[in-house]
Q: 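Mind looking over this structure? Questions follow.
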Amino acid sequence: MSQAAESSSWGGGNCHNIATTRRASSSSSDPLERVVRLASGSAVVIFSMSTCCMCHAVKRLFCGMGVHPTVYELDQDPKGKEMERALSRLLGNSPGVPVVFIGGKLIGAMDRVMASHINGTLVPLLKEAGALWL
């Protein structure tokens, strides 16, 4: 069993994630299974690239709302490329990051998150997942 850094810290303003290291289980050799397992591990999960401006923007959006997402920086994960391809397939072969899951459910890329924010459905999703208490 190999040890891999799956979650990295990301701080912006008042938003801070704690860097964690977890053991990847041998049953999660399939990138899609690993994505699903990680996505269901926290109320809000963002799959990101540390150098992606759209990823930065979506992280800032959630942090600005008082939500503390778990962020997986795929460019810092040894299996990140495989996971990015799996995410791209989930999204219908569109670019693989950023991808947001709320309450273990796929919300989508930046366009879907922003549409949900603008039409007022994002806050109820966050409340239902336990990520926002207002």
Q: Working to the nearest 0.5 angstrom, can you tell me the gap between Leu125 CG and Leu132 CG?
A: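 Answer rounded to 0.5 Å: 11.0 Å.
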
Q: Return yes when atom CE of Met54 has more than 12 non-hydrogen atoms of other residues, nucleotides or ligands closer than 6.0 Å, and no otherwise.
A: no

Q: Between the side chain of Glu73 and the main-chain N/O of Ser50, is any donor-acceptor distance below 3.5 Å?
A: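 Checking the backbone N and O of Ser50 against the side chain of Glu73, a donor-acceptor pair under 3.5 Å is found.
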
Q: Answer yes or no: is there a donor N or O on one side and an acceptor on the other, between the side chain of Ser88 and the main chain of Glu84, under 3.5 Å?
A: no

Q: For a side chain to side chain contact (heavy atoms under 4.5 Å, CB included) check, start with the C-alpha distance between Met65 and Leu126, then their side-chain angles and the critical distance, and finish with the verdict.
A: CA-CA 10 Å; Met65 296 173 75; Leu126 293 169; 3.6 Å; yes

Q: Suppose the criterion is salt bridge (charged side-chain N to carboxylate O under 4.0 Å, His left out): which pairs have a residue in residues 38-54, not counting sequence neighbours?
A: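 Applying salt bridge (charged side-chain N to carboxylate O under 4.0 Å, His left out) to every pair that reaches into residues 38-54, excluding sequence neighbours, yields nothing.
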
Q: Can you tell me how far the NE2 atom of His56 sits from the OG atom of Ser48, to the nearest 0.5 Å?
A: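 It comes to 10.0 Å.
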
Q: Could you go step by step and tell me if Val97 and Cys55 meet the side chain to side chain contact (heavy atoms under 4.5 Å, CB included) rule?
A: CA-CA 7 Å; Val97 292; Cys55 297; 3.9 Å; yes

Q: For Lys105, check salt bridge (Lys or Arg N to Asp or Glu O under 4.0 Å) against everything at least two apart and list the hits.
A: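 Lys105: salt bridge (Lys or Arg N to Asp or Glu O under 4.0 Å) contacts with Glu128.
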
Q: Are the side chains of Met49 and Gln76 in touch, meaning some heavy atoms are under 4.5 Å apart?
A: no

Q: Mind checking whether Val99 and Ile107 have side chains closer than 4.5 Å, heavy atoms only?
A: no

Q: Of all the heavy-atom pairs spanning Val113 and Gly108, show the shortest one and how long it is.
A: CG2-O, 4.1 Å

Q: If you take all heavy atoms of Ile102 and Ala129, which pair is closest and at what distance?
A: CG2-CB, 3.7 Å

Q: Rounded to the nearest 0.5 Å, what's the gap from CG on Asn119 to CE on Met114? Could you check?
A: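 One finds 11.0 Å between CG of Asn119 and CE of Met114.
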
Q: Quick one: pull up CG in Leu61 and CG in Leu122 and give me the separation to the nearest 0.5 Å.
A: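 Spacing of CG (Leu61) from CG (Leu122) equals 6.5 Å.
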
Q: Just jot down the ring pair (Phe, Tyr, Trp, His ring centres under 6.0 Å) partners of Phe47, sequence neighbours excluded, or say none.
A: Tyr72, Phe101

Q: Is the closest side-chain heavy-atom distance between Pro31 and Lys79 below 4.5 Å?
A: no

Q: Side chain to side chain contact (heavy atoms under 4.5 Å, CB included) between Leu38 and Met83: does it pass, once the steps are laid out?
A: CA-CA 11 Å; Leu38 295 174; Met83 291 171 58; 3.6 Å; yes

Q: Flag the pair Ile46 / Thr70 as yes when at least one side-chain heavy-atom distance between them is below 4.5 Å, and no otherwise.
A: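 In short, these two side chains do not touch, never coming nearer than 4.5 Å.
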
Q: Is it true that Arg34 and Asp77 make a salt bridge, defined as a side-chain N closer than 4.0 Å to a carboxylate O?
A: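 A salt bridge is present here (some side-chain N lies under 4.0 Å from a carboxylate O).
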
Q: When you look at Val45 and Val100, which way does the side chain to side chain contact (heavy atoms under 4.5 Å, CB included) test go after all the steps?
A: CA-CA 6 Å; Val45 174; Val100 176; over 6 Å; no

